[in-house]
Student: 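Sharing a structure, written as C-alpha cells. Questions coming.
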Amino acid sequence: MKKFFAVLLATVMTMSLLTACGSEAAETTTEETEAVETTEAEATETTEATETTETTETTEATEADVAVSDALADGVLTVGTNAEFPPFEYVDDNGEPDGFDIALIKAIGEKLGVTVEVENMEFASLISSIGSKIDVAIAGMTVTEERKNSVDFSNSYYEAVQYVILPEGSDIATADDLKDKAIGVQLGTTGDFIASDIEGASVSQYNKAVDAVNDLINGRVDCVIIDKNPALVFEGKFEGQVVAVDGAQFDFEPEEYAIAMPKGDTALVEQINAALEEIKADGTFDELVKTYIEE
Ligand code: ARG
C-alpha cells in the first residue's frame with residue numbers, strides 16, 4: 001500500500017510537471033516539442049526507479065531490479081478460486097472462502113503490500129478468467145503442459161496425487177479394475193482427464209466434488225477420482241460409507257500445485273515467487289500446513 005501511494009504521488013507530480021511544460025510549450029517549434037518529449041521519457045524513468053526502490057523495501061526477498069506487475073498497480077490482487085476443495089479452499093461458517101490456499105495467497109498479498117480479494121467461481125472457468133475477471137487463480141491447481149499453453153505458473157507449493165474414493169467394501173483395487181466403470185469427477189480437473197483416458201469408463205462430471213461423492217454413496221457411480229487431501233476430508237466426512245485409496249495403487253503420477261497467472265507477466269511471476277520463498281523461509285508456510293492440512 002505504501003509503495004502504491006509513493007508511486008501514485010510520483011506519477012501525479014510528474015504529470016503536473018509535464019502539464020506545466022506542455023502549456024508553456026503550447027506554440028512551439030518542433031525542436032521545443034522534442035525537448036518536452038525527452039523530459040517525459042526522463043520522467044518515466046524516474047517513476048520506474050521509484051517503483052523498484054519501494055518494492056525492494058516491502059519485499060525483502062525481491063531482487064533490486066525486479067519490475068512491478070501492472071496487475072498489482074491498483075493495490076489489489078483479485079484472486080479466483082473454487083471453494084469446493086477442502087482443505088485447500090471451502091466456504092466457512094460465515095459464507096467466506098477459507099482454507100490453505102486462501103491463507104497462503106493472503107500471506108503473499110501481505111508480503112507484496114496489496115489487498116487480496118477472493119472471487120469464488122467454477123473450477124472450469126478459472127483459467128479463462130485470468131487476466132480479465134481475476135489477476136491470478138489459486139485452487140489446488142495442478143501444473144499441466146496443456147494449462148501452460150494458456151497461463152504461467154508460480155513455483156509449485158504442494159505435491160499431490162489423485163486418489164480413488166470407493167464405497168466401503170468395493171472390490172476395485174487396481175488400474176485394471178477401473179476399466180468400464182462409472183467414474184465421478186469434478187469437471188475440468190486432472191481427475192477428470194485421468195478418468196476420461198480409462199478404457200470403457202463412463203465419466204460423470206460434477207461442478208462440486210461433494211456432489212460426486214454423494215452420487216457414489218447413492219450408487220450412481222462406482223468410484224470418484226479426486227486429489228489426495230480432499231479425498232481424505234471426504235473419507236472423514238462420510239466415515240463408514242466411503243474409503244479413500246492412494247492413487248499410486250492405480251499407477252497415478254504425482255502432481256504439483258501452483259498459482260496460475262496471465263501468460264507473459266514475468267514481473268508478476270517473479271514477485272509472487274519471491275513472496276512464496278519468503279513465506280517458506282520465515283516459517284509461515286509450515287504454520288499454514290499445520291493449521292489447515294495436518295489439523
Ligand atoms: N488438482 C486438480 C486440478 O488441478 C483439481 C483441483 C480442483 N480445485 C478446486 N479448487 N476445485 O485439476
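Counting convention: from 1, in listed order, for ligands and their atoms alike. Being a predicted model, the structure only gives us computed values, none of them experimental.
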Student: Do any nitrogen or oxygen atoms of Gln186 come within less than 3.5 Å of a nitrogen or oxygen of ligand 1?
Tutor: yes
Student: Would you tell me whether Asp101 and Tyr157 have side-chain atoms, one donor and one acceptor, within less than 3.5 Å of each other?
Tutor: yes
Student: Check for me whether the distance between the ring centres of Phe285 and Phe100 falls short of 6.0 Å.
Tutor: yes
Student: When you compare the side chains of Asn214 and Tyr206, does any donor N or O come within less than 3.5 Å of an acceptor on the partner?
Tutor: no
Student: Regarding ligand 1, does Gln162 bring an N or O atom to under 3.5 Å of one of the ligand's N or O atoms?
Tutor: no
Student: Could you see which bit of Tyr257 sits under 4.0 Å from ligand 1, with heavy atoms only: side chain, backbone, both or neither?
Tutor: side chain
Student: Identify the protein heavy atom lying closest to atom 6 (C) of ligand 1, giving its residue, its atom name and the separation to 0.1 Å.
Tutor: Gly140 O, 3.3 Å
Student: Answer yes or no: does an N/O atom from Thr189 fall short of 3.5 Å to an N/O atom of ligand 1?
Tutor: no
Student: Specify side chain, backbone, both or neither for Glu84, according to which of its non-hydrogen atoms lie closer than 4.0 Å to ligand 1.
Tutor: neither
Student: Is it true that the side chains of Asp192 and Thr189 contain a donor and an acceptor less than 3.5 Å apart?
Tutor: no
Student: Heavy-atom pairs closer than 4.0 Å: do any link ligand 1 to the side chain of Glu122, the backbone, both, or neither?
Tutor: neither
Student: What residue among Ile183, Val185, Val245 forms side chain to side chain contact (heavy atoms under 4.5 Å, CB included) with Cys223?
Tutor: Ile183
Student: Starting from atom 5 (C) of ligand 1, what is the nearest protein heavy atom, named by residue and atom, and what distance separates them?
Tutor: Asp227 OD1, 3.3 Å
Student: For Thr142, take its heavy atoms, then give the atoms of ligand 1 lying under 4.0 Å from any of them.
Tutor: 1 (N), 2 (C), 3 (C), 4 (O)
Student: Would you check if there is a donor-acceptor pair between the side chains of Asp227 and Gln162 at a distance under 3.5 Å?
Tutor: yes
Student: Just by distance, with hydrogens left out, do Thr174 and Asp176 show a side-chain donor and acceptor under 3.5 Å apart?
Tutor: no
Student: Ala139 heavy atoms, cut-off 4.0 Å: which ligand 1 atoms fall inside?
Tutor: 6 (C), 7 (C), 8 (N), 9 (C), 10 (N)
Student: Taking side-chain hydrogen bond (donor to acceptor under 3.5 Å, both in side chains) as the criterion, tell me which of Glu122, Glu89, Gln186, Lys208 meets it with Asn82.
Tutor: Gln186
Student: Output the list of atoms in ligand 1 that are nearer than 4.0 Å to some heavy atom of Asn82, sorted by atom number.
Tutor: 9 (C), 10 (N), 11 (N)
Student: Quick one: which ligand 1 atoms are inside 4.0 Å of a heavy atom on Arg147?
Tutor: 3 (C), 4 (O), 12 (O)
